[in-house]
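Notes follow once the structure below has been shown.
Per chain, numbering begins at 1; letters A, B, ... match sequence-line order.
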There are 2 protein chains.
Amino acid sequence: MDPHLLRTYVSVARLASFSAAARELGYTQSAVSQHVAALEADLGMPLLGRRPVAPTPAGERLLEHAASLLLRLDAARADLARFAAPPRETLTLAAAPLALHPRVLAALPATGVTVRTLPRDEVPAAVATGAADLGLVDGLAAPSDPLRLPDVAPVTARPVAEEGLVVALPANHPLASRATSATAPATSATAPATSATAPAGATTAPATSADAGTLTAPAPGLVLADLVDARWLDAPDAGFPLDRLRAVHGAPAGRGFRAALRYEGTDARTLTALAAAGHGLALLPASAAGLGVPGAVFVPLAAPRLVHRTELLHAGREPAGPAAELVRRLGPRTAAGR
Amino acid sequence: MDPHLLRTYVSVARLASFSAAARELGYTQSAVSQHVAALEADLGMPLLGRRPVAPTPAGERLLEHAASLLLRLDAARADLARFAAPPRETLTLAAAPLALHPRVLAALPATGVTVRTLPRDEVPAAVATGAADLGLVDGLAAPSDPLRLPDVAPVTARPVAEEGLVVALPANHPLASRATSATAPATSATAPATSATAPAGATTAPATSADAGTLTAPAPGLVLADLVDARWLDAPDAGFPLDRLRAVHGAPAGRGFRAALRYEGTDARTLTALAAAGHGLALLPASAAGLGVPGAVFVPLAAPRLVHRTELLHAGREPAGPAAELVRRLGPRTAAGR
DNA sequence: CACTCTCCATCACGAACGCTTATGACCTAC
DNA sequence: GTAGGTCATAAGCGTTCGTGATGGAGAGTG
């Protein structure tokens, strides 16, 4: 199980071609063929079906292991390199689409910052391999529970903020009347000041309701179970995967929360605009109301009791340089939670 | 970062000797020297100080990574091998010293079972590498919270049981009067029936306090904070590491919970006997009262609100063979918790 | 059906690598 | 000072690894 062989195997499996993998890796097709043969001989089982080139069941299994192993290998390299090199002056921040919390924006240094939006599950890898100094990931969790991050990469997580969840609707949607606040503000402020000062861990109650018309008799929010049969935006890279909603609701994978329009991209504002245009519902953090999307209505999610939690990731034990400063500003308490 | 080089590096660091590592690995001392030199050249930094042979700070860091990487490499191998081979007939169970819960004992098949007690942090590795089919780990956690397992190995955890915690004392200890029940039963039953039928997740309330008189209120149990200055048994392989108690109490590492006698071993009954003999306090699951150690008194822990949680580990997605049967008997609910 | 194109497997060869033996430099013990 | 231990270095040599060339197997085309 030489990592070299694993690397070529992963390439071959991904490209479904020995020749293409050879081109990508700078090898000869012959070498790639020998690599795969060596790996299959080492493990004593076929890994790839030829013609067409596709992984066997065992090969599929190996792909999962190999991805994790190679990532951790790179992460170890990066960690050691970071250990020796002097701390960088610049700060690169990898953020999931909905994770760029106002609290973080307020704590960023004035210069030398690069922000990169990535799909949610690529952020830990970016932090681990050193492609980014810090990462911001978000997700659904019970109040004050840590996020269940995939343990593909060794990173340390610190809580940043928790806030309520809302469902984005077009203004003419039948359920829009349950919104507690008015439509989105006209000014498209980049950093909404609401909840920017809320301490992490505090469950942001849906306070400061604008008008009291919807408070008592009509439901103050939506129940996710009532939206199982609705049409949702399928935005695996920008919002929450629909399977996540199904898991939260307890539905089996593939049942309920049907997809309407599918959005392949990582822009949270685009996603909100699509919801506002009636192409499907979207579950968003409450601060999405500050995105300034005209025509969007946000209805708080009343049940199940979930929060949108944001966590800050860094590699290794303690960050250094500007990353350390940012961590210090965001998290005065070092070991948060259990 | 060839795993071969990592393996030799780990051996050299552990044995603090190039020559000894060469003997252990079946290499020449020269080869080991070249391995280390190659690794240092690859990473561009010294890893070992010579004379005496000791890791540099960067080398210490690499050791952590290397241990995890090599373990995962072995785990991947074992998983693939398991994937191809027919399911085994026998069942090997690796259990932490306090994790062999009566519920599990009751569910074991009649024949073909091997139980192996290991230190707590070696159990996941044993399961991942295939040295054991299933693992049982225990730990302190908030009620219904999953254990925080070190992610050194890719394993799947399922809850088995939760029960209260007790502090083991000798009968003549000043705090022994706070015990709720009498001393250990005379009969040394192998499988205590108490709490064997208690459902998982039920917090064992400290009920039926014995007598009053010590302080203002007749405390029905002990508060961990009152025992910070007591002398504790230091049994890193059998009980809970003292650092774990310090972390629970919020004390900095190394402060409080001083060690009295140190026990190097994995026998829970021995540990209880040491506590009964007055060599120090020990924090144990409530079912330890059934170990049948004469002279031992067990006082429930009233605060902080913690439970002794037991989880079952298995490698891969789904177990096969007798392991699958055991998992099925223990965990009717497949996906437990969040 | 022949032809061609592309794909992957196999063979042979040169270069590079990896391990061993042998030797040197250095330290500690007596 | 010598002996015994350590680790580093050099030379030798077998093995491995990658390349280039060749061959068989399908797929598409006329």
Legend entry - Sequence neighbours excluded - side-chain hydrogen bond (donor to acceptor under 3.5 Å, both in side chains) pairs with any residue from residues 113-128 of chain A: A:R120-A:D138

Legend entry - Contacts of type side-chain contact (heavy atoms from CB on, under 4.5 Å), residue A:P322, not counting sequence neighbours: A:L91

Legend entry - Listed once per pair and sorted, the salt bridge (charged side-chain N to carboxylate O under 4.0 Å, His left out) pairs that draw on residues 26-49 of chain B, sequence neighbours left out: A:R77-B:D42, B:E40-B:R50

Inset, instruction - Quick one: list whatever passes side chain to side chain donor-acceptor pair (under 3.5 Å) with A:E325, sequence neighbours left out. - result: A:R328, A:R329

In residues 129-136 of chain A, what donor-acceptor pairs under 3.5 Å come from side-chain atoms, sequence neighbours left out?
from	atom 1	to	atom 2	distance (Å)
A:T129	OG1	A:A125	O	2.9
A:T129	OG1	A:A126	O	3.4
A:D133	OD1	A:R88	NH2	2.6
A:D133	OD2	A:T92	N	2.8

Inset, instruction - With sequence neighbours left out, write down each residue that passes side chain to side chain donor-acceptor pair (under 3.5 Å) with B:D267, or none if nothing qualifies. - result: B:T270

Could you go through nucleotides 16-23 of chain C and list every protein N or O atom that sits under 3.5 Å from one of its N or O atoms, giving the distance for each pair?
from	atom 1	to	atom 2	distance (Å)
C:dC19	OP2	B:H35	NE2	2.7
C:dT20	OP2	B:T28	N	3.0
C:dT20	OP2	B:T28	OG1	2.6
C:dT20	O5'	B:T28	OG1	3.0
C:dT20	O4	B:Q34	NE2	2.9
C:dT21	O4	B:S30	OG	3.0

Inset, instruction - Go through the structure and list residues passing side chain to side chain donor-acceptor pair (under 3.5 Å) with A:R7, not counting sequence neighbours. - result: A:D74

Inset, instruction - Would you indicate what A:V32 reaches in the nucleic acid, counting non-hydrogen atoms under 4.0 angstrom: base, sugar-phosphate, or nothing? - result: nothing

Under 3.5 Å, which N/O atoms of the protein pair with N/O atoms of nucleotides 25-27 of chain D?
none

Legend entry - Interface residues of residues 8-21 of chain B with DNA chain D (non-hydrogen, below 4.0 angstrom): B:S17, B:F18, B:S19

Pairs of donor and acceptor atoms involving the side chains of residues 28-36 of chain A, under 3.5 Å and at least two apart or interchain, shall be tabulated with distances.
from	atom 1	to	atom 2	distance (Å)
A:S30	OG	A:Q34	NE2	3.1
A:H35	ND1	A:T8	OG1	3.3

Legend entry - Pairs touching residues 231-240 of chain A that satisfy salt bridge (charged side-chain N to carboxylate O under 4.0 Å, His left out), sequence neighbours left out: A:D234-A:R262

Inset, instruction - First locate atom CG of B:L70, then atom OH of B:Y9, and finally report the distance between them rounded to the nearest 0.5 Å. - result: 12.0 Å

